[in-house]
Each structure stands twice: as structure tokens, then as C-alpha cells.
Amino acid sequence: MDAGSYTGLIERYRSVLPLPEDCRVISLHEGNTPLVRCLNLDTVNRKEIKLYLKLEGMNPTGSFKDRGMTVAITRAVSEGCHAVICASTGNTSASAAAYAARAGIKAFVLIPEGNIAMGKLAQAMMHGAIILQIRGNFDDGMSLVRKVADETPVKIVNSINPYRLQGQKTASYEIVEALGSAPDFHCLPVGNAGNISAHWVGYSELAAENNQNVTQACGFCNGDCTFISLPKVTSKPKMLGYQASGAAPFITGKVVEKPQTVATAIRIGNPQSWDFAQAAINESNGWFRSFSDEQILNTQKLLAASEGIFCEPASAASVTGALHDIESGNVPDGSTVVCTLTGHGLKDPDIAIKQCHARLETIDADLDSVRRSILDDL
Ligand code: AN7
């Protein structure tokens, strides 16, 4: 470990991660992401809600996937794997490609042709993944990956790989450490349903009776203080999962054959972690809800314009849902709420520019024109 600096979530949370002690850690110093309080949203202030945004877009490849990928790739390498594979709506492929590059192994990624955000495609290409664009959607890709991994020596790094969820649970640990307790509500966008399941694992571990035995490698020092203990947690949040209306199997109660949404990250009709996610909702007394693309994009813009925080469309589903449930009183006044912003806004510049009506004014390059424009707008 580098003296005095954070070196990634495996070093920090080693004692609660299922990895061999002597394994070579594949890390890009993921995790330790900001938890930022909203200051300017009317609904939130009126109802005296403490709303925090967990900025998972600040991970090395710009999404929460890095938490799971560091553990899955570290584990795969420790088992002697030379190649990994995933189906992806984009972020998993970007993360798998980056961590495979770091490890010096091959990554095969299956992505739906024409339905992945430009930034994510650029990442998979730059990191040297072998990219298979399929004439089909994520769910088609997922079922192909399951089949091909049975007959070829490639390790699946989708969230059906249990090490992915183990890594992703560390987001809950960070939130509890930052707040000193669990929030009352935790809101997430739901696609394949791995992340909401992983968060519930994390909160449940922290609230388990024997959690005083859980100690953490601190990650911030060079041996003087190797372990810190976690806050004693007595409660767990209600988990709220939000989907796009055109890709909402948890709302319709059955697989959606042709999922459609502008939030391509969550354009998934057959979530692989269906049962885990449903259990998280049931056990926590939470709920699922869905919102239109228009509502999701409006929230994306609202966050960017009023809080200075730019997330990708799928991520905005969490705040869309939170604001709805706060306004309608399902989330009581005064509650502490965490929304996960799963991916960075820069992942998908096309959608941002297309939906945003910001004025782009072209003027002559002279002082008069600039001055006139400023005075017009002051
Ligand atoms: C930004 O990359 O499934 O419910 O293949 O990229 O755990 O699937 C991405 C999912 C939310 C949904 N927000 O999380 C993939 C992929 C963003 C995402 C989700 C995804 P899960």
C-alpha cells in the first residue's frame, strides 16, 4: 500500500471480501466516492429532507461497475483465468475492458449494436477489449454469454459472478461510515438488479448482530493503524428501486421482451438478479416504481443545472423516484435519503446535447459582440 493514500476498495475492505490473502490485487483505486448533500432542490428543502447523492460516476471508468470489477477480476486472475467475458449495456464493458487491461488479460464484450452510449463504446475500444456488437439487446447478449462460457475458457464478469456483488456492497459501507448510520431510504436505478441487491447485502452485513467483529483495513496509513472498526449500525434503509417505464419488469411482473428507454444503461427486460432484488425490496419494506423517459431526462437536467452534478440518464432515475416519493409523502418529511448516481453524465454526451435546449449563440470575434451578448443576458 502507498503510504498515506487511498489505494482502492480491496485494500480498504479486505476483511469483508472473499479473496485469497496472497492474491495479486487488480485495482485502479476505485471506491471512496463523494457523498454530496443536495442544497438547491425545492422539494427537498420544503420537506426538510437530507438528500445525499453518492457520485459513483467518480470511479475510474465513470461508473459503479468498477467496485464489482476490481473484485471479480482480482478473483479471476487468482484462479488463473486469461480471459473474461460480459454482456453489457455499456458500463460493464467499459469497466471489464479497463480492469482486464490492468491485469494483462483479454476481455470479450457483447454489446447491443446501436444502443450503447458513445463514451462507453470509446472506453471499451481504447482499453483493447474484443468487442462483439450483436444484432440484439442486452438480454440476448446475456443468454449468449452464459452459453458460450460453458464451452470456452472465459470467465463471466457480469453480476451473476458473485464477486461482482461483493465488491459493489462496499458502497453501503462507505455510506454508513460517512453518515455514521444507515440512511432511512436508499434509492437506485434498476436494470439487471445487481446493484440494489449488492447494497442490501452491505447494509445487512453491517446491521448483523455480530458486526462488532467486522474490522476494516483502514487504507489511509502505513501500518500504524491497520484496522478501524465500523460504526455500530442498528437500522437498515428501505430500498427503493426505480426503472424506466419501457423497461420495467419489476412493475409488470414479467420479463419485458423488447425493452425500450433512452436510458440505455437500464434497457434490460430480464434482470439476472431478479430474486435477490425482490427480496431486498420485501425485506426492507421498500418498493419499485417506474418513470417515463421524459421524467428521467428532466431530472438529469435539473441536477446538472441546479446542483452542478452531471449524471447519465439511467442514474437520474434514482432522483426522479426520490423526488416523486418525497413529494407524495411516501418518504416522510425529515428523512435521510441517499440516491446512487450510478454513472457520469459524460458517458452519454449525445443524449445530453439532444435533449438540452441551452442556447448556443454564434457571434463575431469582436469585443462589441461579446459585450452586447453579456449585457443582454445580465
Ligand atoms: C449507469 O453495463 O447492466 O441494476 O451492462 O450502467 O445493477 O444492472 C449497467 C447497468 C444503473 C443498473 N445505472 O444497475 C451494463 C449494465 C447505470 C448502469 C444500472 C446500470 P443494475
Side-chain angles (χ1 to χ4, degrees), residues 33 54-59 61-69 72 85-99 107 109-112 115-117 119-121 123-124 129 131 134 137-142 145 156-161 164-165 167-169 171 186-201 239-244 247-250 259 261-274 276-278 280-281 288 290 296 300 310-321 339-348 351:
T33 55
K54 182 72 168 157
L55 304 190
E56 290 291 277
M58 300 300 284
N59 275 299
T61 77
S63 86
F64 71 95
K65 303 287 182 183
D66 296 343
R67 289 185 187 274
M69 207 54 74
I85 190 167
C86 65
S88 181
T89 57
N91 279 324
T92 302
S93 67
S95 188
Y99 284 81
V109 304
L110 272 72
I111 55 172
N115 274 301
I116 117 164
K120 304 173 189 180
L121 181 61
Q123 288 177 292
I131 303 169
I134 59 167
N137 60 28
F138 169 85
D139 304 299
D140 300 323
M142 194 63 242
V145 161
I156 299 179
V157 291
N158 280 104
S159 53
I160 57 170
N161 176 328
R164 278 277 312 277
L165 298 197
Q168 286 170 215
K169 78 182 180 187
H186 190 132
C187 310
L188 291 127
V190 173
N192 216 13
N195 209 24
I196 196 167
S197 307
H199 278 76
W200 186 240
V201 170
M239 303 301 289
L240 310 185
Y242 300 119
Q243 302 209 278
F250 285 103
T261 168
V262 68
T264 51
I266 50 173
R267 189 169 166 271
I268 295 173
N270 185 14
Q272 300 295 304
S273 295
W274 189 305
F276 285 145
Q278 190 64 58
I281 295 294
F288 289 113
S290 68
I296 291 170
Q300 184 196 19
F310 188 22
C311 65
E312 66 171 288
S315 309
S318 63
V319 180
T320 307
C339 288
T340 301
L341 295 187
T342 44
H344 203 287
L346 292 173
K347 292 270 190 176
D348 199 346
I351 295 293

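Order of listing sets the numbers, starting from 1, for every ligand and every atom in it. Any value given below was found using the heavy atoms of this structure, including those in side chains, with hydrogens, waters and symmetry copies removed. These figures come from a predicted structure and were not determined experimentally.
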Using a heavy-atom cut-off of under 4.0 Å, does the side chain or the backbone of [X] touch ligand 1, or both, or neither?
| X | result |
| --- | --- |
| Ile266 | side chain |
| Ile268 | side chain |
| Lys65 | side chain |

Check: [Y] and [X] side chains under 4.5 Å, non-hydrogen atoms:
| X | Y | answer |
| --- | --- | --- |
| Thr89 | Thr264 | no |
| Val109 | Ser88 | no |
| Thr92 | Met69 | yes |
| Asp139 | Ile268 | yes |
| Ile85 | Asn158 | no |

Q: Please determine if Arg67 and Glu56 form a salt bridge, counting it only when a charged side-chain N lies under 4.0 Å from a carboxylate O.
A: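 A salt bridge links Arg67 with Glu56.
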Check each atom of ligand 1 against the heavy atoms of [X] and keep those under 4.0 Å away; list them by number with element.
| X | answer |
| --- | --- |
| Thr89 | 2 (O), 3 (O), 5 (O), 9 (C), 15 (C), 16 (C) |
| Thr92 | 2 (O), 5 (O), 15 (C), 16 (C) |
| Asn91 | 1 (C), 2 (O), 6 (O), 17 (C), 18 (C) |
| Ser88 | 2 (O), 5 (O), 15 (C) |
| Gly194 | 4 (O), 7 (O), 21 (P) |
| Val190 | 4 (O) |

Q. Which residue from Ala193, Gly241, Gly62 reaches closest to atom 4 (O) of ligand 1 through any of its heavy atoms?
A.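 Looking at heavy atoms only, the winner is Ala193.
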For ligand 1, find out whether one of its N or O atoms is nearer than 3.5 Å to an N or O atom of [X].
| X | result |
| --- | --- |
| Asn195 | yes |
| Glu312 | no |
| Thr342 | yes |
| Gly191 | yes |

Q: Kindly compute the distance separating CG (Asp348) from CG (Leu121), expressed to the nearest 0.5 Å.
A: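 Asp348 CG to Leu121 CG: 11.5 Å, rounded to 0.5 Å.
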For the residue pair [X] and [Y], confirm or rule out a side-chain donor-acceptor distance under 3.5 Å.
| X | Y | result |
| --- | --- | --- |
| Ser315 | Thr342 | yes |
| His186 | Thr340 | yes |
| Lys54 | Thr33 | yes |

Q.
With a 6.0 Å cut-off on the ring centroids, do Trp274 and Phe250 count as close?
A.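 That pair passes the under 6.0 Å test.
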Please state which protein non-hydrogen atom is closest to [atom] and give its distance, to 0.1 Å?
| atom | answer |
| --- | --- |
| atom 18 (C) of ligand 1 | Ala265 CB, 3.5 Å |
| atom 8 (O) of ligand 1 | Asn192 N, 2.7 Å |
| atom 14 (O) of ligand 1 | Phe64 CZ, 3.5 Å |

Q) Hey, is Ser63 one of the residues with a heavy atom under 4.0 angstrom from ligand 1? A)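 Heavy atoms of Ser63 never come under 4.0 Å of ligand 1.
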Q: Answer yes or no for Pro189: is there a heavy-atom contact with ligand 1 below 4.0 Å?
A: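 Yes; Pro189 lies near enough to ligand 1 that a heavy-atom distance drops under 4.0 Å.
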Side-chain atoms of residues 188-199: list all donor-acceptor pairs with protein atoms under 3.5 Å, sequence neighbours left out, distances to 0.1 Å.
unit_1, atom_1, unit_2, atom_2, d
Asn192, OD1, Gln272, N, 2.9
Asn195, OD1, Gln168, NE2, 3.0
Ser197, OG, Ala193, O, 2.7
Ser197, OG, Ala277, N, 3.3
His199, ND1, Asn195, O, 2.9

